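Right, one structure below, let's go through it.
No experiment lies behind these values; they were computed from the predicted model shown.
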Amino acid sequence: MKKVLCFYLENCPYCLQAQKAIDDLMNENSQYKDIHVEWIEETENPDIIDSYDYYATPSMFVDEKKIYEAHLFETYEECKLHVQEVLDLALEKNKKLYISDLDGTLLHNDETLSDYTIQVINDLVDKGMMFSYATARSYNTAKKVTQCLNVDIPLIVYNGVSIRDNMTGHIIISNIFEHIDALLDDLLNHGMQPIVYSYVDGVERFSYVKDKINSLTLDFIKTRTGDFRNHPVDDVKQLYYGDIFYITCIDEETKLKPMYQKYHQHYHCIYSKDVYSSSMWLEIMPQNTSKAHAIQQLKDYLHCEYVVVFGDGKNDIEMFEMADECYAVENADEELKAISTDIIASNNNDGVARWLKKEF
């Protein structure tokens with residue numbers, strides 16, 4: 001059980017309100033009765049309060065972290081909700097967040113989830129497992145292949161560029177380029193025809209010059225037939241429109257690798273072979289954007305203390321490095337396997353689901 005401290009003042013009406021909320025919540029939920037709340041009167045303990053950062057009373061801390069601080073005109077209902085958050089956090093023990101990559105990890109090579117994986121993950125989520133995924137896919141294409149999963153916590157898409165509400169698609173966190181014209185100019189001047197992902201008039205689009213893209217890019221575009229984001233343009237100037245957050249180039253290694261080497265210290269760049277087509281991709285995102293950074297944001301958002309991740313590719317290296325435990329599927333890149341906690345069964349053998357069923 002986690003340590004709970006409550007700093008208060010004698011006869012403070014907001015402190016009395018918090019005390020009532022605690023009593024009521026403990027009567028409503030017997031699990032809360034196991035929590036010991038240490039009450040520290042402010043004027044009687046000046047040496048203790050100097051070590052804690054707060055202004056108003058009551059202020060409540062869980063394991064030295066401030067969770068609740070009262071404010072003027074706070075109602076009893078508001079107070080009770082905040083106190084309940086404190087008590088809920090106090091009940092949690094090493095709250096774990098499980099994050100899996102999709103393609104090549106959770107999905108089979110045919111881009112589907114097996115019935116076994118669906119059943120295992122849904123059963124464990126029903127039992128309280130906090131599970132989500134971090135993928136290079138968009139929210140739209142990720143949801144198509146995971147629609148049978150009953151995952152209700154936010155999703156990480158576009159390699160960490162965006163965190164989306166799983167149920168509504170609402171953008172919780174998003175990153176866009178601040179200055180992008182020079183980069184687009186350079187790519188185009190070197191004979192590349194990028195796919196540019198942006199918000200144009202508030203609508204998510206991926207744009208490309210339809211008469212200039214190469215055959216590799218065209219093959220990818222064909223896999224997105226019917227996608228509402230698909231936005232072919234006639235004029236290269238239209239690629240610069242909107243709030244741009246992601247750029248993809250699919251081309252020959254001789255073109256892509258020099259661009260990666262030139263820009264990987266200025267932007268977050270991923271240069272890798274596509275798991276399905278074996279073509280080479282260069283993906284460029286705003287600096288400080290990554291799966292690892294997004295997982296840390298999601299960890300903080302959900303008040304988790306421990307992260308377990310699963311992956312297969314080089315774009316998973318950073319999230320492996322930040323996680324408490326990291327598992328590479330048997331078909332993973334050798335560089336990723338070298339830094340993993342352990343190697344599990346392959347994606348086609350439901351490695352993630354089998355590990356979860358055994359270990360959760």
Side-chain angles (χ1 to χ4, degrees), residues 97-127 129-160 164 166 216 219-227 248 250 270 272-281 283 291 295 308-317 319-320 323 325-360:
L97 175 62
Y98 296 86
I99 300 286
S100 178
D101 172 56
L102 285 183
D103 296 283
T105 304
L106 198 65
L107 298 177
H108 283 197
N109 288 345
D110 61 0
E111 301 185 61
T112 64
L113 291 171
S114 71
D115 291 341
Y116 176 82
T117 287
I118 293 169
Q119 180 178 344
V120 167
I121 290 178
N122 287 345
D123 287 348
L124 294 178
V125 168
D126 286 344
K127 294 177 181 177
M129 179 178 70
M130 300 190 68
F131 179 85
S132 189
Y133 52 79
T135 178
R137 290 174 178 253
S138 68
Y139 174 81
N140 186 51
T141 57
K143 288 292 287 183
K144 284 183 178 178
V145 295
T146 61
Q147 57 185 333
C148 293
L149 292 182
N150 298 329
V151 178
D152 57 4
I153 66 174
L155 312 174
I156 295 168
V157 295
Y158 286 121
N159 275 320
R164 307 283 287 264
N166 186 30
L216 296 173
D219 288 342
F220 168 75
I221 296 298
K222 288 177 179 177
T223 69
R224 297 297 183 263
T225 300
D227 192 322
T248 297
I250 310 172
I270 298 174
S272 62
K273 183 180 291 186
D274 180 57
V275 68
Y276 299 115
S277 67
S278 296
S279 57
M280 297 305 298
W281 287 44
E283 296 164 278
K291 286 184 179 181
I295 290 171
V308 181
V309 300
F310 306 89
D312 75 303
K314 289 184 178 180
N315 66 327
D316 297 322
I317 287 176
M319 77 174 187
F320 269 45
E325 295 179 40
C326 49
Y327 296 90
V329 286
E330 194 277 331
N331 53 288
D333 184 271
E334 292 301 320
E335 191 174 346
L336 192 71
K337 288 181 179 180
I339 62 171
S340 65
T341 304
D342 202 357
I343 299 169
I344 60 176
S346 71
N347 63 321
N348 283 335
N349 288 318
D350 302 311
V352 173
R354 294 185 187 281
W355 187 92
L356 290 170
K357 184 174 182 180
K358 179 183 177 182
E359 302 293 336
F360 181 75

R137 and L107: CA distance, side-chain angles, deciding distance, side chain to side chain contact (heavy atoms under 4.5 Å, CB included) verdict
CA-CA 12 Å; R137 290 174 178 253; L107 298 177; 3.9 Å; yes

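- Nearest heavy atoms, M319 versus G311: CE-CA, 4.3 Å.
- Here the CD1-CG distance, from I121 to L149, works out to 5.0 Å after rounding to the nearest 0.5 Å.
- Atoms CD1 and CZ, from I344 and R354 in turn, are 11.0 Å apart once rounded to the nearest 0.5 Å.
- In this structure, the separation between OG1 on T223 and OH on Y276 is 10.5 Å, given to the nearest 0.5 Å.
- Using a 4.5 Å cut-off on side-chain heavy atoms (C-beta onward), D115 and Q119 make no contact.
- Counting heavy atoms from C-beta on, the side chains of D101 and F310 never come closer than 4.5 Å.
- N140 and S138 form no side-chain donor-acceptor contact under 3.5 Å, judged by distance and modelled atom types alone.
- Side chain of N150 to backbone of N122: no donor-acceptor contact under 3.5 angstrom is found.
- Among all heavy-atom pairs drawn from S100 and V352, the shortest one is OG-CG2, 4.0 Å.
- Annotation for L102 and A142: closest pair CD1-CB, 4.0 Å, computed over non-hydrogen atoms.
- Side chains of N347 and D312: a donor-acceptor N/O pair is absent below 3.5 angstrom, by distance only.
- Pairing each heavy atom of N159 with each of E283, the nearest pair is ND2-OE2, 3.8 Å.
- For S340 (side chain) and C326 (main-chain N/O), no donor-acceptor pair under 3.5 Å exists by modelled atom type.
- Counting non-hydrogen atoms of other residues, nucleotides and ligands closer than 6.0 Å to NZ of K273 gives a total of 12 or fewer.
- Distance check: F220 CZ to W281 CH2 gives 4.0 Å after rounding to the nearest 0.5 Å.
- The shortest side-chain heavy-atom distance between F131 and L356 falls under the 4.5 Å cut-off.
- Rounding to the nearest 0.5 angstrom, the gap separating the OG1 atom in T117 from the NZ atom in K357 is 11.0 Å.
- Taking both residues in full, the closest heavy atoms of E330 and K337 are given as O-NZ, 2.6 Å, listed atom of the first, atom of the second, then distance.
- Looking at heavy atoms from C-beta onward, N348 lies out of side-chain contact with N331 at the 4.5 angstrom threshold.
- Side-chain contact between I270 and K314 is absent, with no heavy atoms from C-beta onward closer than 4.5 Å.
- Checking side-chain atoms of D219 against main-chain N and O of L216 turns up no donor-acceptor pair under 3.5 Å.
- The structure places CD1 of I118 at 9.5 Å from CG of L106, a figure rounded to the nearest 0.5 Å.
- No side-chain donor-acceptor contact under 3.5 Å links D350 to the backbone of A353.
- For the pair R164 and Y158, the cation-pi test (distance below 6.0 Å, angle within 45°) is failed.
- Within the 4.5 Å cutoff, the side chain of L97 has heavy atoms near those of the I153 side chain.
- The backbone N or O of G351 sits nowhere less than 3.5 Å from a side-chain atom of N349 that would complete a donor-acceptor pair.
- A tilted orientation is assigned to the rings of Y327 and W355, their planes being inclined by 30° to 60°.
- Nearest heavy atoms, K291 versus A136: CE-N, 4.4 Å.
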